[in-house]
Amino acid sequence: ERVFSNEEDLLGPLLLDLMEKCGGYGFCTRVISSLSQKEILTTKEPSTLFRSNSFNLKLAEKFMRTCANNFLKQALLSPIEHVINEKESC
């Protein structure tokens, strides 16, 4: 079991931002998938798979939060703006 330092914790979001700019979400999912596959193949004890402190899991979590945040902004922005700008009284 490995606990990452603050520098490595900061690397995940930076790496994800770089991957998004260079190759988009498809590239990000391929990288995370490759890291997951490597973790599965190299883990000797199944109970230690996908630990919360693994770099792969931290990267995947940041990616999912980014995707969800972007989706929610796109899905909800227009209806919320419509309600805010509506002239009728509730």
Side-chain angles (χ1 to χ4, degrees):
E1 182 176 339
R2 181 165 179 226
V3 178
F4 291 96
S5 67
N6 288 339
E7 292 83 11
E8 290 168 314
D9 288 338
L10 294 173
L11 182 61
L14 294 174
L15 181 59
L16 187 59
D17 291 341
L18 179 63
M19 289 189 307
E20 287 173 1
K21 288 180 175 71
C22 294
Y25 288 124
F27 179 70
C28 291
T29 57
R30 287 190 302 276
V31 169
I32 292 169
S33 178
S34 293
L35 289 171
S36 297
Q37 194 66 263
K38 181 182 178 204
E39 186 170 342
I40 290 167
L41 294 173
T42 60
T43 300
K44 292 180 173 73
E45 178 60 42
S47 66
T48 63
L49 270 174
F50 304 115
R51 299 292 272 211
S52 62
N53 65 343
S54 76
F55 179 75
N56 177 46
L57 193 60
K58 288 179 182 184
L59 189 62
E61 182 182 355
K62 170 67 174 152
F63 177 69
M64 289 185 285
R65 286 178 189 234
T66 300
C67 289
N69 190 28
N70 291 342
F71 170 78
L72 287 173
K73 282 180 183 176
Q74 289 177 341
L76 298 176
L77 183 63
S78 181
I80 290 172
E81 285 179 338
H82 177 76
V83 169
I84 290 171
N85 295 326
E86 186 66 31
K87 302 282 185 203
E88 289 184 33
S89 172
C90 296

Indicate if Leu76 and Val83 have the same hydrophobic cluster label, given that clusters are the connected sets of ILVMFWY residues with side-chain heavy-atom separations under 4.5 angstrom.
no
Once side chain to side chain contact (heavy atoms under 4.5 Å, CB included) is applied, do any residues pair with [X], and if so which ones, sequence neighbours excluded?
{"X": "Thr43", "answer": "Glu39, Thr48, Leu49"}
{"X": "Gln74", "answer": "none"}
{"X": "Ile84", "answer": "Ile80"}

Looking at residues at least two apart in the chain, or sitting in another chain, which of them share a side chain to side chain donor-acceptor pair (under 3.5 Å) with Ser78?
none
My understanding is that only residues two or more places apart in sequence, or in another chain, count here; which of them pass side chain to side chain donor-acceptor pair (under 3.5 Å) with Glu81?
none
From Arg30 CZ over to Leu35 CG, what is the distance, rounded to the nearest 0.5 angstrom?
13.0 Å
Pairs where residues 65-77 contributes a residue and the test salt bridge (charged side-chain N to carboxylate O under 4.0 Å, His left out) is met, not counting sequence neighbours:
Glu61-Arg65
